[in-house]
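Shown next, in structure tokens, is the structure this report addresses.
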Amino acid sequence: MKVNRALLLCPSIRQGGMETYVRTEVNELTKQGYRVCIYSFGECNKEIFAGNQKLNIVEGFTNPNSPDSFLLNFSKLKELFAKEPYQLIHAHDHHSLLLSSCLASILEVPLLVTFHSTFSFLEKKDPFELFLHQLIISKVINKALLLSEEMEKKIFLQYSQIDKTIFRNPICVPDPLPVPHTFASEQKKILIVSRLDKDKKKSVETALQVMREIFPKSFIYVAGEGMARQELEKSILPEDDNCRISFLGYKNDLKELYGLTDIVVGMGRVILEGLSYGKISILSGYEGVVGVVTPQNYDSFKSSNFSGRGLILCEDLQQLRRDIHALTSADLAHLQSLVSQEFNARTSWTNIIRETSYIKEKNIFKDFFSILLIAIEEAKKNNDESVFSSTVTRDIIANFLFSNPKYKDLIQPFIYYENKSKEQLIKRLEEIQGYLKRDLNTQEQLSKKLIEELADKKGIIDSQQEKLRDKERTIKRLQEQTTFSRFFKKHF
């Protein structure tokens with residue numbers, strides 16, 4: 001099948017690695033003549049795709065696994081297909097895989113999925129959700145793209161039957177390639193590129209501290225935006241007496257900055273882009289600085305998609321400084337060559353497009369998803385919060401499986417996951433019961449304490465009242481004595 005229209009399903013698109021990945025894909029697809037539609041489950045920063053005339057952007061509804069949002073998104077997507085049929089669906093949001101699979105199955109369109117994080121496989125799921133992912137969704141997906149070997153090792157946790165391939169984080173390699181060179185000067189220009197959100201705050205903060213310490217005369221530029229920016233500026237800028245640190249905000253195009261920089265610091269595709277420009281590149285993971293990329297540690301860093309996960313943090317800053325100075329122009333040229341061959345977006349997406357041209361849709365679960373839509377309609381009427389936790393949905397699916405010989409192989413797994421659901425529910429109820437008993441005991445103890453305190457206070461009040469009555473009797477007696485004394489003096 002010749003693919004000439006592609007629908008990309010994405011979470012809210014703001015800025016960051018996933019967004020840059022999608023932009024790179026869109027640019028390569030449209031360059032090769034494809035019409036692309038991005039459907040985002042929430043807001044979309046359209047500036048990221050400015051100037052691309054072959055791109056259509058549609059904003060959908062957030063939380064695609066709530067019954068109401070699921071049905072609204074499905075209806076809107078069907079309308080898109082009615083206006084302009086798409087030959088490929090590419091899902092970038094693991095939270096919307098049920099919706100993506102439902103759409104692909106009912107409309108009989110091939111489904112491609114990119115997993116952008118190992119979190120997709122480690123995230124805790126309800127038993128019914130696991131049943132759907134492991135035994136239904138994993139069979140609907142035609143091809144799963146994984147960014148690293150780390151993902152390949154962990155995907156089996158939830159998608160053991162999936163057809164997968166490692167698809168390196170593709171970047172737009174500069175053409176022609178800049179000539180790499182090192183700088184002996186201590187006054188370097190250092191570029192830190194990152195989202196400035198809470199999960200990346202420690203990475204950026206540590207990178208700033210380390211770079212200031214080993215290159216105190218250098219100028220440091222931070223490119224990126226996010227919720228933690230103000231917090232970072234407040235903690236870092238007051239210490240910057242020489243005004244050598246600048247926060248540049250979000251930059252849609254980093255080509256010029258890469259060209260002017262001596263050292264690039266970041267993680268993921270930032271490292272790849274830095275190396276492609278022939279720059280000294282330092283990996284700063286989520287927990288801190290790992291080290292400078294060298295020909296010797298390149299494969300090790302690559303195995304976790306240059307995220308720093310599972311790697312030892314750099315504690316010896318002087319050793320880091322020596323490692324940086326030890327890099328030669330030949331080392332940088334070798335790293336540049338490796339990245340250009342392995343992560344070139346033009347080559348990578350051309351190969352994937354060629355593969356998808358021969359993908360045939362899997363419609364083995366079309367009737368299953370038709371029933372699922374009916375079940376979700378009932379879940380909506382029942383005001384259920386999630387498709388996966390809805391008892392109504394599970395009951396309808398159970399009746400369908402037990403009455404359809406085609407799905408007899410799924411009955412035993414379904415019963416297993418249903419029992420797991422019941423076990424979890426019983427466990428939750430026991431926990432709630434335990435909490436209630438604990439709270440009741442606490443309340444009883446508080447009540448006893450209050451009664452004791454009230455009894456003590458009553459005793460004190462009674463004592464004080466008795467003393468007051470004594471005083472009143474004394475006053476009365478004194479008044480009587482005073483009256484008698486006056487009478488005696490007057491008459492005798």
Side-chain angles (χ1 to χ4, degrees), residues 16-22 24-25 92-94 113-124 144-160 162 164-171 173 192-195 197-207 210 224 263-276 279-316 319-320 323-324 327 331-332 334-345 348:
M18 189 277 292
E19 288 81 357
T20 311
Y21 179 105
V22 172
T24 305
E25 176 187 5
H92 287 274
D93 180 16
H94 68 274
V113 174
T114 294
F115 290 98
H116 289 270
S117 168
T118 54
F119 182 71
S120 314
F121 322 130
L122 302 176
E123 186 179 44
K124 187 176 180 181
L145 305 182
L146 312 177
L147 302 186
S148 67
E149 289 84 357
E150 180 190 25
M151 287 189 179
E152 188 178 37
K153 290 175 183 176
K154 293 178 178 177
I155 191 172
F156 76 91
L157 295 170
Q158 292 185 11
Y159 304 98
S160 57
I162 206 165
K164 59 188 181 297
T165 186
I166 292 181
F167 184 69
R168 305 290 180 193
N169 205 343
I171 62 165
V173 174
I192 298 174
V193 183
S194 176
R195 273 189 296 108
D197 286 331
K198 296 294 182 183
D199 61 328
K200 297 281 187 82
K201 179 175 176 288
K202 187 173 183 179
S203 174
V204 176
E205 209 164 32
T206 308
V210 169
I263 297 175
V264 173
V265 185
M267 69 174 80
R269 66 186 305 115
V270 173
I271 295 296
L272 297 172
E273 289 172 348
L275 292 173
S276 73
K279 304 300 179 180
I280 296 169
S281 299
I282 297 172
L283 172 56
S284 183
Y286 287 94
E287 297 301 317
V289 173
V290 176
V292 61
V293 184
T294 67
Q296 292 72 35
N297 63 28
Y298 173 81
D299 285 333
S300 171
F301 284 16
K302 181 179 73 173
S303 66
S304 62
N305 195 31
F306 296 93
S307 66
R309 281 189 296 269
L311 300 175
I312 299 171
L313 297 181
C314 175
E315 302 290 346
D316 188 345
Q319 183 59 51
L320 176 60
D323 291 342
I324 292 170
L327 276 175
D331 290 331
L332 294 177
H334 179 56
L335 290 167
Q336 184 184 53
S337 175
L338 289 172
V339 168
S340 301
Q341 292 171 24
E342 296 179 20
F343 295 89
N344 191 312
S348 299

Can you tell if the side chain of Arg269 reaches within under 4.5 Å of the side chain of Phe343, non-hydrogen atoms only? no
Which of Leu147, Ile166, Thr165 passes side-chain contact (heavy atoms from CB on, under 4.5 Å) with Glu152? It is Ile166
Check each of Leu327, Ile324, Asp331, Leu335 against Thr294 using the side-chain contact (heavy atoms from CB on, under 4.5 Å) test, and report the only one that passes. Leu327
Go through the steps for Lys302 and Asp299 under the test salt bridge (Lys or Arg N to Asp or Glu O under 4.0 Å), then give the verdict. CA-CA 5 Å; Lys302 181 179 73 173; Asp299 285 333; 3.6 Å; yes
Gln336 versus Leu332: any side-chain heavy-atom pair under 4.5 Å? no
For the backbone of Glu273 and the side chain of Ser276, can you confirm whether one donor and one acceptor N or O come within less than 3.5 Å of each other? yes
Evaluate the side-chain proximity of Glu25 to His92: yes if any heavy-atom separation is below 4.5 Å, no if none is. yes
One should read off an interatomic distance between His94 NE2 and Ser117 OG, to the nearest 0.5 angstrom, of 7.0 Å
Pair Val293-Tyr298, side-chain contact (heavy atoms from CB on, under 4.5 Å): steps then yes or no: CA-CA 6 Å; Val293 184; Tyr298 173 81; 4.3 Å; yes
Distance col, row Ser148:OG vs Phe167:CZ, nearest 0.5 angstrom, shows 13.5 Å
For Ser203 and Ser284, does a side-chain donor sit closer than 3.5 Å to a side-chain acceptor? yes
Any chance you could measure Tyr286, atom OH, to Ser194, atom OG, to the nearest 0.5 Å? 8.5 Å
Arg195 side-chain N/O to Gly224 backbone N/O, donor-acceptor pair under 3.5 Å: no
Let me know which of Val290, Val270, Val292 forms a side-chain contact (heavy atoms from CB on, under 4.5 Å) with Leu283. Val290
Least distance between heavy atoms, Leu272 atom then Val339 atom: O-CG1, 3.6 Å
Distance check, rounded to the nearest 0.5 Å: Lys153 atom NZ versus Leu146 atom CG? 13.0 Å
Where Ile192 and Ala207 come nearest, the two heavy atoms and their spacing: CD1-CB, 4.0 Å
